[in-house]
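What you are looking at is a predicted structure, and each value in this text was computed from that prediction instead of being measured. Note that the numbering runs from 1 along the sequence shown for the chain.
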Amino acid sequence: MNKDQLIYIGSPYTHPEKDIMQLRHDQVLDITADLLNQGFHVISPIVHCHSLSIKHNMRSDFEFWKKYNFALLSKCAVLLIVPLEGWEKSVGLWGEIMFATENNIQIEKYYLGH
């Protein structure tokens with residue numbers, strides 16, 4: 001992963017408990033800021049859309065956001081997976097992994113506390 005590439009940050013988000021969704025947003029927000037401060041070019045649909053979704057009572061499920069997320073991911077060189085708790089069961093993240101695989105987008109993991 002180099003600093004000239006556009007990087008898509010993928011992580012679990014949707015959860016029945018709103019507090020867990022907020023925690024996931026906050027964790028990804030911190031990671032996004034850290035990577036931006038290091039000079040990486042990153043995009044995070046969670047960071048970009050969390051407040052929008054809450055304020056306008058928009059759906060938070062993968063089906064609603066899939067086309068939007070895939071449009072963003074299609075412009076990126078790297079899918080950076082943030083393995084937050086529950087990531088192995090995330091329908092949305094696995095959809096993004098499949099999309100990245102099918103479209104030859106590099107997949108890497110962001111190790112928490114790197």
Side-chain angles (χ1 to χ4, degrees):
M1 194 167 73
N2 71 56
K3 293 182 178 178
D4 293 328
Q5 296 174 310
L6 185 57
I7 301 162
Y8 180 102
I9 300 176
S11 71
Y13 175 66
T14 304
H15 194 276
E17 296 180 35
K18 298 294 183 196
D19 289 347
I20 291 178
M21 289 174 60
Q22 182 64 50
L23 175 64
R24 289 173 172 176
H25 165 267
D26 294 347
Q27 291 171 310
V28 174
L29 181 72
D30 292 345
I31 291 165
T32 301
D34 180 51
L35 291 169
L36 286 168
N37 281 328
Q38 292 180 53
F40 288 97
H41 304 294
V42 297
I43 182 77
S44 168
I46 291 171
V47 169
H48 181 73
C49 298
H50 174 77
S51 296
L52 174 74
S53 178
I54 290 171
K55 181 175 181 177
H56 295 283
N57 199 30
M58 299 169 77
R59 289 174 35 196
S60 62
D61 61 284
F62 176 61
E63 278 305 311
F64 180 80
W65 292 100
K66 180 168 62 173
K67 288 173 90 174
Y68 176 82
N69 290 353
F70 287 175
L72 293 175
L73 182 53
S74 71
K75 305 299 183 206
C76 296
V78 178
L79 166 59
L80 184 63
I81 298 170
V82 178
L84 301 177
E85 185 175 338
W87 79 272
E88 303 95 339
K89 299 175 191 169
S90 172
V91 173
L93 184 55
W94 280 105
E96 292 165 344
I97 291 169
M98 289 176 47
F99 181 88
T101 301
E102 292 166 0
N103 290 279
N104 299 314
I105 297 168
Q106 180 182 339
I107 300 172
E108 293 190 26
K109 265 191 188 168
Y110 178 91
Y111 293 95
L112 300 170
H114 53 258

Step by step, work out the side chain to side chain contact (heavy atoms under 4.5 Å, CB included) result for Q5 and Q106. CA-CA 11 Å; Q5 296 174 310; Q106 180 182 339; 3.9 Å; yes
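- Closest non-hydrogen pair, P45 versus N69, comes out as CB-OD1, 3.3 Å.
- A100 and L79 get closest at one heavy-atom pair: CB-CD2, 3.9 Å.
- To the nearest 0.5 Å, the span separating OH on Y13 from CD on Q27 amounts to 13.0 Å.
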Does the pair Q22 and H25 meet the rule for a side chain to side chain contact (heavy atoms under 4.5 Å, CB included), with working shown? CA-CA 5 Å; Q22 182 64 50; H25 165 267; 3.6 Å; yes
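- Pairing each heavy atom of Y110 with each of P83, the nearest pair is O-CD, 3.0 Å.
- Distance alone, capped at 3.5 Å, is enough to place a donor-acceptor pair between the E108 side chain and the M1 backbone.
- For the pair R24 (side chain) and E85 (backbone), a donor-acceptor distance under 3.5 Å is present.
- The shortest distance between side-chain heavy atoms of N103 and S74 does not fall below 4.5 Å.
- Remark: of the listed residues V47, L35, L6, L35 is the sole one forming a side-chain contact (heavy atoms from CB on, under 4.5 Å) with V42.
- A distance of 10.0 Å separates CG in L80 from OG in S44, rounded to the nearest 0.5 Å.
- In terms of heavy-atom proximity, N2 sits nearest to I7 at O-CD1, 4.3 Å.
- Taking NE2 from H48 and CG from L72, the interatomic distance works out to 7.5 Å, rounded to the nearest 0.5 Å.
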Evaluation steps, side chain to side chain contact (heavy atoms under 4.5 Å, CB included), between Y8 and E96: CA-CA 10 Å; Y8 180 102; E96 292 165 344; 2.5 Å; yes
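- By the rule that hydrophobic residues join a cluster once side-chain heavy atoms approach within less than 4.5 Å of another member, L29 and L23 end up as members of separate clusters.
- With rounding to the nearest 0.5 angstrom, the CG atom of D26 is 11.0 Å from the CD1 atom of I31.
- Nearest heavy-atom pair, V82 versus S11, reported as atom, atom and distance to 0.1 Å: O-CB, 3.6 Å.
- By the rule that hydrophobic residues join a cluster once side-chain heavy atoms approach within less than 4.5 Å of another member, I9 and I20 end up as members of separate clusters.
- Note that the CH2 atom of W94 and the CH2 atom of W87 stand 5.0 Å from one another [nearest 0.5 Å].
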I107 vs I97, side chain to side chain contact (heavy atoms under 4.5 Å, CB included): CA-CA, chis, key distance, verdict: CA-CA 8 Å; I107 300 172; I97 291 169; 4.1 Å; yes
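- A donor-acceptor pair is defined here as one N or O able to donate and one able to accept, closer than 3.5 Å; no such pair exists between the side chain of D34 and the backbone of D30.
- Taking 4.5 Å as the limit, every side-chain heavy atom of L36 sits out of range of all side-chain heavy atoms of F40.
- What you find for K3 and Q38 is that their closest heavy atoms are NZ-O, 2.6 Å.
- With rounding to the nearest 0.5 Å, the separation of CG in L93 from CD1 in I81 is 5.5 Å.
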